[in-house]
There are 2 protein chains.
Amino acid sequence: MRHDIRRKPATLSDVAATVGVAPMTVSRVISGNGYVSEETREKVLEAVKKLNYRRNGLARSLKRQQTDTVGLVIGDISNPFSTELANAVRKTLSARGYNLFICISEHSAKEDITALEALVDHNIDGIVVATRSNKEGDERLTEIANSGVPVVVVGRDFRHEAVDSISADNFKGGFEATQHLIDLGHKRIGFIGAAFEDRGRLKRLQGYISALGKHKISIDERLITGRRGSSTDTPGYSTEAIGYEGMKRLLSLPKPPTAVFARNDFTAVGAMSAAKEAGLAIPQDLAIVGFDDTPLALHTTPPLTTVRQPMRVQGQIAAEMLLRRISNKDESETEERVLDCELIIRESTVAQR
Amino acid sequence: MRHDIRRKPATLSDVAATVGVAPMTVSRVISGNGYVSEETREKVLEAVKKLNYRRNGLARSLKRQQTDTVGLVIGDISNPFSTELANAVRKTLSARGYNLFICISEHSAKEDITALEALVDHNIDGIVVATRSNKEGDERLTEIANSGVPVVVVGRDFRHEAVDSISADNFKGGFEATQHLIDLGHKRIGFIGAAFEDRGRLKRLQGYISALGKHKISIDERLITGRRGSSTDTPGYSTEAIGYEGMKRLLSLPKPPTAVFARNDFTAVGAMSAAKEAGLAIPQDLAIVGFDDTPLALHTTPPLTTVRQPMRVQGQIAAEMLLRRISNKDESETEERVLDCELIIRESTVAQR
DNA sequence: TGTTATCAAGTTAACGTTAACATATTCTTC
DNA sequence: GAAGAATATGTTAACGTTAACTTGATAACA
């Protein structure tokens, strides 16, 4: 059998002409709406098969003014929690008959915007945005929300009267991580993964600062280290290399910290390497806490104490919020939900008995 | 300023009416094609701003018969190499003005098909498929390729006269991993992550078998263990849990292996845990090789010997192949490229001096 | 028997763009 | 100053579908 390659695909009218009915009749057969006699239906289906007909989604969407598709913008899919988020969103949506298109914007405002535009251009029915805040991106996002596209943000600091948001309580997570170190008796606790100036935008750092404050431990800016994010672009995601460098810097201080809270697990792992290289024993000489509970955390030596955020739940709730917005266009109350994180204590802070 | 929420978005004609010109003139201003006087252009742009006009991509795509968008179907975005692949594909495409929409199909033929359909429904200009082979999915993929949609497969065993393919040389990778173990003097080498019956579809396992064969080491089926994939659905991706179980099974044999080759790093890590639990020293009592060189591999204790496949390059080449197919519709030679893997020797096979 | 449902189609007019062609004006150039 | 080129706009007709309306049967019912 020869292939039909490159021939123009058949349209409703082609099918209609073959059978000898009106295009609308074929449409009725395809969509299953309206009356069609059994006889006609069969003839149509036969022709559909013969012509290899497939309905043109573009035309359909244009006419129906909806695409049954939702977009998800994430920054870095390599992050395990992005995966969990995406899967949860997809699962929830697909149960309601929606498709999910994912766009990745690798940490730059420009790509963030490109992704948003691409999705809007395809008239998706709604967008879940899970990238970090940035000025230009927020502006564009505001325009999009203004124009009536349902939007939900996940873990992004963005406010708009028609945009719901969901995030983990990073402040509390950071607070509890630090509190945990304090409870273990540490007084000099470093923070790796962001600069002190970033504290306005970084909840985890705020939690750290707040916990120290609560226990009357004065903030030593030299103990807070990391590459500073520019304000117009995304604050650089903190990597293993940054953790390594940061730890080196902390260890070179006259009075190095006895514990560090790293902004995320990657950073923590980098810090761990630097500490080991310097001959420090973990957790005896240096306690380390990470954030995110990536698969990595379980396999470091020693296993990493970290903070887990409920990504699956966030994804599910985000999808549900969006579906509500989509179906219930006039809904006006914006919802803002914050979920608790969970401190997972492993051996990088507490020595095994 | 009040928002324009929920009002129907302005169209070309709305803008045209405001300015007092024909819609086509506005279209010319927007697209930048054709002659428009400076004066008119300015008036139009003003109205565009005032009405918050945004061109409807759906209508445009329908008319132009192209969407400047490419779809990527991947199985599991949590896998670090999926990330690399996606990023490389995106980068290459965006340099040529194409958007990338990613669909994930979490390891089931049904979702694989759903993803393909969703993309085809949106009339994307081409598809990169990086999911594992499965019967129904392949059938659908054949239909899609037949209908003239440019398709490129990555690491998927699929053949079609109009579909290019790119993959890593998993056979050779498996061969070299096994060869490495043999070179170290091992005679009883296990394979974890697939059943012996899967060998028809699993190149890594074939490489293992071939390497043993070359060195006149007879194949002991008891040494090959893993959950068997069904033929209609995707062979289950091998996880850490499977590695753990598999290792336990191998260790319970009367004569356990002295080395194992795991189908991927996750599986290897699971196997490692089981081995440690049994009191075995790695690599002295048991040598382990993984596959994929995930970030994990560097951080296990001891660091994992593994095989790296060049995902970035695969992604780039896949995108280039696809772009060529898209722009050069009548091209007929199908291209099939296979890239070398790289064995990365770490301490899970060779003890540190 | 006439009135109303129910069923099975067909017709029309969008959805919002743009390619292709047509028309009108102005500018060159010999 | 006539012929052609360049510029500036308008008109028409799709792209492929479906919502809404219309028409004509046939069946159901009082």
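Keep in mind that this is a model prediction, so the values were computed, not measured. Every chain is numbered from 1 and lettered A, B, ... according to where its sequence line falls, protein lines coming before strand lines.
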Between atom [atom1] in [X] and atom [atom2] in [N], what is the gap in whole Å?
{"X": "B:Leu12", "N": "C:dA19", "atom1": "CG", "atom2": "P", "answer": "12 Å"}
{"X": "A:Glu39", "N": "D:dT26", "atom1": "CD", "atom2": "P", "answer": "14 Å"}
{"X": "B:Leu58", "N": "C:dT18", "atom1": "CG", "atom2": "P", "answer": "13 Å"}
{"X": "A:Glu42", "N": "C:dA9", "atom1": "CD", "atom2": "C1'", "answer": "17 Å"}
{"X": "B:Met24", "N": "D:dT12", "atom1": "CE", "atom2": "C1'", "answer": "12 Å"}
{"X": "A:Gln66", "N": "D:dT18", "atom1": "CD", "atom2": "C1'", "answer": "12 Å"}
{"X": "A:Arg64", "N": "D:dG16", "atom1": "CZ", "atom2": "C1'", "answer": "14 Å"}
{"X": "B:Ile30", "N": "C:dG16", "atom1": "CD1", "atom2": "C1'", "answer": "13 Å"}

Taking the side chain as every heavy atom from C-beta outward, state whether [X] and [Y] have any atom pair closer than 4.5 Å.
{"X": "B:Phe101", "Y": "A:Cys103", "value": "yes"}
{"X": "A:Asp164", "Y": "A:Val153", "value": "no"}
{"X": "A:Ile127", "Y": "A:Leu72", "value": "no"}

Taking for A:Glu38 and for A:Pro23 the nucleotide of DNA chain C with the nearest heavy atom, the one nearer the 5' end belongs to A:Glu38
Within less than 4.0 Å of OP1 or OP2 of [N], is there a side-chain N or O belonging to [X]?
{"X": "B:Ser27", "N": "C:dT18", "answer": "yes"}
{"X": "A:Arg55", "N": "D:dT18", "answer": "yes"}
{"X": "A:Thr40", "N": "C:dA9", "answer": "yes"}
{"X": "A:Gln65", "N": "C:dA14", "answer": "no"}
{"X": "B:Ser61", "N": "C:dT17", "answer": "no"}
{"X": "A:Tyr35", "N": "C:dC7", "answer": "yes"}

From [options], pick the nucleotide closest to the side chain of [X]?
{"X": "A:Asn56", "options": "D:dT9, C:dA19, D:dG16", "answer": "D:dG16"}
{"X": "A:Arg60", "options": "C:dT18, D:dT17, C:dT17", "answer": "D:dT17"}
{"X": "B:Ser37", "options": "D:dT9, D:dT17, C:dT17", "answer": "D:dT9"}
{"X": "B:Ala22", "options": "C:dC7, D:dT11, C:dT11", "answer": "D:dT11"}
{"X": "A:Leu62", "options": "D:dT17, C:dG16, C:dA9", "answer": "C:dG16"}
{"X": "B:Ala59", "options": "D:dA20, D:dG10, C:dT17", "answer": "C:dT17"}

Under 4.0 Å, heavy atoms only, any strand: does B:Arg54 hit a base, just the sugar-phosphate, or nothing? sugar-phosphate
Looking at every strand, decide which applies to A:Arg28 at a 4.0 Å heavy-atom threshold: base, sugar-phosphate, or nothing. base
Is it true that, when you exclude B:Arg64 itself, more than 12 heavy atoms of the residues, nucleotides or ligands shown sit nearer than 6.0 Å to its CZ? yes
A:Thr40, A:Val21, A:Val36 screened by side chain to side chain contact (heavy atoms under 4.5 Å, CB included) with A:Val26, the one that passes: A:Val21
Would you state whether a donor and an acceptor, one from the side chain of B:Lys63 and one from the base of D:dA14, lie under 3.5 Å apart? yes
Evaluate the ring planes of A:His122 and B:His122, with Trp represented by its six-membered ring, and classify them as parallel (under 30°), tilted (30 to 60°) or perpendicular (over 60°). tilted
